[in-house]
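What follows is a set of notes on a single structure, which appears directly below.
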Amino acid sequence: MAEPVTICEVAPRDGLQNEAAFVATEDKVRLIDLLSATGVRYIEAASFVSPRLVPQMANGGDVLSGIARRSGVVYAALTPNLKGYEAAMTARANEVAVFAAASESFSRRNINCSIEESLVRYRDVCRAAERDGMPVRGYVSCAIACPYEGPVVPEAVCRLAVALLDMGCREISLGDTIGVAWPEQVEMLLDAVLRQVPAAVIAGHFHDTHGRARACIRKALELGIRVFDTSAGGTGGCPFAPGARGNVATEKVVQMLSDEGYETGIDMGALEKASALIAQLLGRPA
Ligand code: HMG
Ligand code: MG
């Protein structure tokens, strides 16, 4: 039997947060409903951050109340602080994600605080989530390199991964935010991280700026990672990470995994419909 790999679909959040076009609530709802029909079990549907800084995500509450929730699918939301957490609770997100960075400069530009200050905020979010029985996922951005500081040492990533797990995150997604990783760097990073935490709680989040994301995923698979964040249509990027291109496309990863004998439970025909809708919404060729 094929070995299962979990795909976390991030198109409605990472995929749209950096687009010039604002995607209307009803269109995001249509997109998420199409994604829900693909068989994927995890959809990052919204982000409760400053609407002044990231206007593309301002309609998260309406989006979460408009979607047709499918049983067995987790609809998650990014939350930078308690205010975002409360908004995600009100919107009935099934899981929240906190996002720390392994570089000081990116932390400041992205969430306007130091790494240590972000951990204090995330501890508050995790405490509230524990009280409410809400699962929390943790991100470590700039796990390979920072757009402002350059290469990031694996120890900085390990320290944050351990801190986020200690405060209650159920899983840590390691983000190559600007998509510069080579497989050898992924190996060095995972060698260090997996000395301290089990592979079962680590996910890979690769942007595909230079077309190497699938090679990096292959390396991570070799080292025991079985959860990957991907974006239908390959859209994505971060407004605070200049040069970052799209997340690796879900369809490319699902095809690669299927060719290599892994099972994602995702139906390619249904996925193509979701990717075609994104292309249409963003005015791009399908
Ligand atoms: P701040 O200015 O330090 O926060 O922003 P503040 O507490 O001083 O509040 C300032 C204003 O923001 C106030 O409004 C607050 O109410 C409001 P005002 O009184 O001026 O009208 N505010 C909020 N509004 C809505 N939701 C909230 C919220 N919090 C405060 N949760 C903050 C700090 C983090 C909010 C801000 O810097 C921010 O929103 N940053 C955006 C970060 C972001 O969305 N980045 C992209 C996602 S991360 C990413 O893409 C990487 C990832 O994909 C992984 C990878 O690729 O590596 C995850
Ligand atoms: Mg990202």
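Position 1 is the first residue of the sequence, and the numbers go up from there. Owing to the predicted nature of the structure, the values given are computational and were not obtained by experimental measurement. For ligands, and for the atoms within them, numbers begin at 1 and follow the listed sequence.
In this structure the side chain of Leu53 reaches within 4.5 angstrom of the side chain of Phe240, judged on heavy atoms. The shortest distance between side-chain heavy atoms of Arg127 and Arg123 falls below 4.5 Å. Val98 has its side chain within reach of Cys169: a pair of non-hydrogen atoms, C-beta onward, lies under 4.5 Å apart. Taking 4.5 Å as the limit, every side-chain heavy atom of Glu272 sits out of range of all side-chain heavy atoms of Glu251. Put simply, the side chain of Gln196 does not reach to within 4.5 Å of the side chain of Leu165, judged on heavy atoms. Counting heavy atoms from C-beta outward, Glu19 and Ile278 have side chains that stay 4.5 Å or more apart. Residues Leu119 and Met167 form a side-chain contact, since some pair of their non-hydrogen atoms from C-beta on lies under 4.5 Å apart. Val54 places none of its side-chain heavy atoms less than 4.5 Å from the side chain of Ser47.
The minimum distance between the Mg ion (ligand 2) and any N, O or S atom of Asp14 involves atom OD2.
Around atom CD of Glu260, more than 12 heavy atoms belonging to other residues, nucleotides or ligands sit under 6.0 Å away. More than 12 non-hydrogen atoms from other residues, nucleotides or ligands lie less than 6.0 angstrom from CZ of Arg69.
Considering both main-chain and side-chain atoms, Tyr139 never comes within under 3.5 Å of ligand 1 through any nitrogen or oxygen pair. Residue Ser47 places no N or O, backbone or side chain, under 3.5 Å from any N or O of ligand 1. Residue Arg13 places at least one N or O, backbone or side chain, under 3.5 Å from an N or O of ligand 1.
Using a 4.0 Å cut-off between heavy atoms, Phe99 contacts ligand 1 through its side chain alone, with no backbone atom that close. Looking at His205 against ligand 1, only its side chain comes within 4.0 Å, counting heavy atoms. Under 4.0 Å from ligand 1, not a single heavy atom of Glu117 appears. Of the heavy atoms in Pro51, only side-chain atoms (C-beta onward) come closer than 4.0 Å to ligand 1. Under 4.0 Å from ligand 1, the heavy atoms of Leu53 that appear belong solely to its side chain. Contacts of Pro80 with ligand 1, taken as heavy-atom pairs under 4.0 Å, involve the side chain alone.
Close contacts between ligand 1 and His207 involve ligand atoms 56 (O) [criterion: under 4.0 Å to a heavy atom]. Listed by number with element, the atoms of ligand 1 under 4.0 angstrom from any heavy atom of Leu78 are 47 (C). Close approach of ligand 1 to Ile111 (heavy-atom distance below 4.0 Å) involves ligand atoms 33 (C), 34 (C), 37 (O). Per-residue contacts place Gly84 under 4.0 angstrom from the following atoms of ligand 1 (heavy atoms of the residue considered): 31 (N). Of all atoms in ligand 1, numbered sequentially from 1 with element shown, those under 4.0 Å from a heavy atom of Val54 are 41 (C), 44 (O). Close approach to Asn81 involves these atoms of ligand 1, each under 4.0 Å from a residue heavy atom: 27 (C), 28 (C), 29 (N), 30 (C), 31 (N), 35 (C). Below 4.0 Å from some heavy atom of Asn110 lie the following atoms of ligand 1, by number and element: 37 (O), 40 (N), 41 (C), 42 (C), 43 (C), 45 (N), 46 (C), 48 (S). With ligand atoms numbered from 1 in the order given, ligand 1 contributes 26 (N), 27 (C), 31 (N) to contacts under 4.0 Å with heavy atoms of Phe48.
The heavy atom nearest to atom 15 (C) of ligand 1, out of those in Lys83, Arg52, Gln56, is found in Lys83. Considering Asn112, Val49, Asp14 only, the shortest heavy-atom separation from atom 25 (C) of ligand 1 involves Val49.
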* Asked: Can Leu16 and Leu31 be said to form a side chain to side chain contact (heavy atoms under 4.5 Å, CB included), step by step?
  -> CA-CA 11 Å; Leu16 299 181; Leu31 170 62; 4.2 Å; yes

* Go through the steps to decide whether Ile67 and Asp33 satisfy the test side chain to side chain contact (heavy atoms under 4.5 Å, CB included), and finish with yes or no. => CA-CA 6 Å; Ile67 57 176; Asp33 287 350; 3.7 Å; yes

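In this structure, Lys219 forms no cation-pi arrangement with Phe228, as its terminal cationic atom is not both closer than 6.0 Å to the ring centre and no more than 45° off the ring axis. Remark: Arg137 is positioned above the aromatic ring of Tyr42, its terminal NZ or CZ atom under 6.0 angstrom from the ring centre and at most 45 degrees off the axis.
A salt bridge does not link Asp176 with Arg212: every distance from a Lys NZ or Arg NE/NH1/NH2 to an Asp or Glu carboxylate oxygen is 4.0 Å or more. Between Arg30 and Asp27 there is a salt bridge, with a side-chain nitrogen of the basic residue lying less than 4.0 Å from a carboxylate oxygen of the acidic one.
When only non-hydrogen protein atoms are considered, atom 51 (C) of ligand 1 lies nearest to Ser141 OG, 3.6 Å. Protein heavy atom closest to atom 39 (O) of ligand 1, with residue, atom name and distance, is Ser50 N, 2.7 Å. Of all protein heavy atoms, the one closest to atom 57 (O) of ligand 1 is Thr177 OG1, 2.5 Å. In this structure, the protein non-hydrogen atom closest to atom 50 (O) of ligand 1 is Gln17 NE2, 2.7 Å.
Of the protein's heavy atoms, none falls inside 4.0 Å of atom 6 (P) of ligand 1. For atom 9 (O) of ligand 1, the nearest protein heavy atom lies 4.0 Å away or farther. Within a 4.0 Å radius of atom 3 (O) of ligand 1, the protein contributes one or more non-hydrogen atoms. For atom 13 (C) of ligand 1, the nearest protein heavy atom is 4.0 Å or more away. Under the 4.0 Å distance rule, the nearest protein heavy atom to atom 21 (O) of ligand 1 falls outside the cut-off. For atom 29 (N) of ligand 1, a protein non-hydrogen atom is found at a distance below 4.0 Å. Under the 4.0 Å distance rule, the nearest protein heavy atom to atom 18 (P) of ligand 1 falls outside the cut-off.
Among the backbone and side-chain atoms of Cys238, no N/O/S atom is found under 2.8 Å from the Mg ion (ligand 2).
For the 3.5 Å distance criterion, the side chains of Asp14 and Ser231 fail to qualify, holding no donor opposite an acceptor.
Relative orientation of the Tyr139 and His205 rings is perpendicular, given thresholds of 30° and 60° on the angle between their planes.
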